[in-house]
Amino acid sequence: MGAMIAAASSRARVGVLVSGRGSNLQALLDAAEGPDFPASVVRVISNIPDVYALDRARMAGVPTTVIPHQDFPSREDFDAALDACLREAGVEFVCLAGFMRVLSAGFICGWQDRIINIHPSLLPSFKGLHTHRQALDAGVRVHGCTVHIVRPALDDGPILMQAAVPVLSADTPDTLASRVLEQEHRIYPEALRRLVQGRFVIDGAKAQSVAGDTAEGPRQALVSPPLL
Ligand code: GAR
């Protein structure tokens with residue numbers, strides 16, 4: 001029993017920032033239910049009131065805070081309120097999960113290599129908004145999602161994990177988004193797990209996986225359209 005309590009209390013404390021539907025938050029909450037998951041979500045903060053992500057947090061019993069960005073005279077003042085809330089909650093790692101505000105360099109530097117984001121493209125392609133529309137317009141045959149360490153430049157920073165999906169000829173931004181989202185929900189919790197376990201070495205602009213994680217695995221390529 002004592003060992004179980006020690007294990008539970010040694011989980012990394014994670015704060016999640018959201019602005020909307022919160023399906024990636026849900027993937028993190030679901031993963032954190034696992035007895036061996038090394039992190040717990042201890043606070044969910046939204047910059048928008050009444051978003052569904054807040055309901056998801058409440059259903060999981062996680063404390064929530066709404067910090068409306070328009071209540072603050074500047075980005076730095078808003079970020080200072082975010083920072084204070086995260087620190088008051090004893091947060092160690094921050095996950096952005098559909099958080100649609102750009103964070104200031106000062107905030108990001110205060111959480112050096114401890115903020116991660118999930119972005120719906122294979123970075124460095126298709127930064128910013130409407131990534132699925134951007135991918136269709138560019139005519140790429142493979143698209144996907146990326147978990148990366150957050151750095152001050154938009155959608156930039158060491159890449160931790162990526163998942164690729166084929167682009168199909170009948171795809172619309174919505175059908176492509178749902179294929180990518182399914183993969184987001186797989187890789188985001190896994191990237192968080194590995195980050196808190198120290199399984200990435202951040203070296204400047206790049207992240208390397210530790211030796212065991214680069215072990216032999218399937219080498220099958222995703223070829224799109226498929227070879228017949
Ligand atoms: C996700 O697809 C996420 O990758 C994207 O917003 C969606 C949020 O969905 N994030 C960004 O575009 C950040 N630049 P969710 O609220 O259901 O997780």
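Counting convention: from 1, in listed order, for ligands and their atoms alike. Both backbone and side-chain heavy atoms feed into the values below; hydrogens, waters and symmetry mates do not.
- Across the listed options G20, A53, S23, S23 owns the non-hydrogen atom lying nearest to atom 15 (P) of ligand 1.
- For ligand 1 and H119, the ligand atoms under 4.0 Å from any heavy atom of the residue are 14 (N).
- Shortest contact from atom 11 (C) of ligand 1 to any protein heavy atom: P120 CD, 3.7 Å.
- Side-chain atoms of R151 and D113, non-hydrogen and from C-beta on, do get closer than 4.5 Å to each other.
- Residue G22 places at least one N or O, backbone or side chain, under 3.5 Å from an N or O of ligand 1.
- There is no path of hydrophobic side-chain contacts, each under 4.5 Å, that joins V62 to V42.
- Within the listing of ligand 1, atoms 6 (O), 8 (C) sit less than 4.0 angstrom from a heavy atom of G98.
- Donor-acceptor pairing under 3.5 Å is recorded for the side chains of Q183 and R186.
- By the criterion of side-chain heavy atoms lying less than 4.5 angstrom apart, applied directly or through intervening Ile, Leu, Val, Met, Phe, Trp or Tyr residues, L28 is not grouped with V94; the two fall into different hydrophobic clusters.
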Stepwise salt bridge (Lys or Arg N to Asp or Glu O under 4.0 Å) test for D83 and R87: CA-CA 6 Å; D83 189 74; R87 295 199 189 275; 3.1 Å; yes
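- Counting protein heavy atoms only, atom 3 (C) of ligand 1 is closest to E184 OE1, 3.3 Å.
- Relative orientation of the F99 and F78 rings is parallel, given thresholds of 30° and 60° on the angle between their planes.
- For atom 7 (C) of ligand 1, the nearest protein heavy atom (residue, atom name, distance) is R21 NH2, 4.1 Å.
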